[in-house]
2 protein chains.
Amino acid sequence: MDAKFKAINDPTRREILHFLVNGPQNAGQIASQFDMSKPSISHHLDLLKQAKLIQADKKGQFIEYKLDKTGFEVIHAWFKTFSTYFEFPKPKIRIEI
Amino acid sequence: MDAKFKAINDPTRREILHFLVNGPQNAGQIASQFDMSKPSISHHLDLLKQAKLIQADKKGQFIEYKLDKTGFEVIHAWFKTFSTYFEFPKPKIRIEI
DNA sequence: TAGATAATTAAGCGAATGTCTAAATTAAAA
DNA sequence: TTTTAATTTAGACATTCGCTTAATTATCTA
């Protein structure tokens, strides 16, 4: 639990998560999008992995990262504990009969 | 944005938020539920307030705190940017005609 | 097998975080 | 008005965090 909130606390890590919405990327591709050393990005990836917000798949010499539903669901569940206090805006639906 | 993620990163602050789901409480009442000094709790309340996750209402000598929808909606919106990648479990609805 | 490439691990350092005690502020009560 | 109570502000200190460079591990290729 702590690891997940810690993971999303950092802006670089949140940006990594957003990049991965467009599909899996390997560590080098991710790092190339930041003005930051590769070891730093590697460390960020490690924290995201520990939080189960991303998954790592080793593909030969490369390591491919993608979003992991597991961690997101846990955060989402925490968030929903506040829905008794106030409802969040929902997408409108329309039913025609 | 950063302030909100920072605010929910700390376990004490998350616990404060949960206490306030049951209704407003003043600073002393909140502090009494933690094995921690009042100034520390006061500081946590300040960070939650800056993040617009809680609101403060001065009532005479007391200060009453309650949840603030503003901040929660911003976090919720961030979270929803990942819904294109995977859907989160939704409550089932049933329509009878 | 030797060399090059992808990525992580290790070590170190300044900045930010969370906690405490002591002091200050504000409002109620005697 | 003096005292008490509720709360915050200030200052100090240990821990954690995010970053860097250097070293290590693992894999591919010539």
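Quick note on labels: first sequence line is chain A, next is B, and so on, each numbered from 1. Small disclaimer: the values here were computed from a predicted structure and weren't measured.
- Minimum atom distance to the side chain of R13(A) is reached by dG18(D), of the listed dG18(D), dT7(D), dA22(C).
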Exercise for review: Start with the C-alpha distance between Q25(B) and Q33(B), add both sets of side-chain angles, then the distance that settles side-chain hydrogen bond (donor to acceptor under 3.5 Å, both in side chains), and finish with yes or no.
Suggested key: CA-CA 11 Å; Q25(B) 291 184 40; Q33(B) 296 170 87; 2.8 Å; yes
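- Of the two residues contacting DNA chain D, namely S40(A) and Q29(B), the nearest-nucleotide position lying further toward the 5' end is that of Q29(B).
- Here the P atom of nucleotide dA7(C) and the NZ atom of K59(A) are 13 Å apart, to the nearest Å.
- One atom, CZ of F34(A), and another, P of dT20(D), lie 12 Å apart when rounded to the nearest Å.
- The side chain of K6(B) approaches dT17(C) more closely than any other nucleotide in the set dG18(D), dT17(C), dC19(D).
- Among dG18(D), dT19(C), dT21(C), the nucleotide with an atom closest to any side-chain atom of T12(B) is dT19(C).
- In this structure, the CD1 atom of I41(B) is 12 Å from the P atom of dG18(C), given to the nearest Å.
- Hydrophobic clustering, with ILVMFWY side chains joined whenever heavy atoms are under 4.5 angstrom apart, groups F5(A) together with F82(A).
- Residue D46(A) contributes atom CG, which lies 21 Å from atom P of dA6(C) at whole-angstrom precision.
- Residues W78(B) and Y85(B) share a hydrophobic cluster, clusters being chains of Ile/Leu/Val/Met/Phe/Trp/Tyr side chains in contact below 4.5 Å.
- Evaluation of atom-type donor-acceptor distances gives no pair under 3.5 Å for the side chain of Q61(B) against the base of dT26(C).
- If you check every strand for non-hydrogen atoms under 4.0 Å, N26(B) touches sugar and phosphate atoms only.
- The separation between I30(B) atom CD1 and dA6(D) atom C1' is 13 Å, rounded to whole Å.
- Rounded to whole angstrom, the span from the NE2 atom of H43(B) across to the P atom of dA16(C) amounts to 13 Å.
- Between dA27(C), dT8(C), dT7(D), one nucleotide has an atom nearer to the side chain of Y65(B) than all others, and that is dT7(D).
- The interatomic distance linking L45(B) (CG) with dT8(D) (P) rounds to 6 Å, in whole Å.
- For H44(A), a side-chain nitrogen or oxygen approaches OP1 or OP2 of dC19(D) to under 4.0 Å.
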Review point. Run the ring pair (Phe, Tyr, Trp, His ring centres under 6.0 Å) check on F19(A) and F34(A) step by step: do they pass?
Key: CA-CA 11 Å; F19(A) 281 137; F34(A) 292 90; 5.6 Å; yes
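- Two residues, K58(A) and N9(A), neighbour DNA chain D, and the one matched to the more 5' nucleotide by heavy-atom proximity is N9(A).
- Across the protein-nucleic acid pair, M36(B) atom CE and dT17(C) atom P stand 16 Å apart, rounded to whole Å.
- Of all nucleotides listed (dT8(D), dA7(C), dT9(C)), dT9(C) comes nearest to the side chain of P39(A).
- Here the nucleotide nearest the side chain of L47(A), chosen from dT8(C), dT7(D), dG18(D), is dG18(D).
- Across dG18(C), dA7(C), dT7(D), the shortest atom-to-atom separation from the side chain of F62(A) is found for dA7(C).
- Note on I75(B) and I54(B): same hydrophobic cluster, where clusters join Ile, Leu, Val, Met, Phe, Trp and Tyr whose side-chain heavy atoms are under 4.5 Å apart, directly or indirectly.
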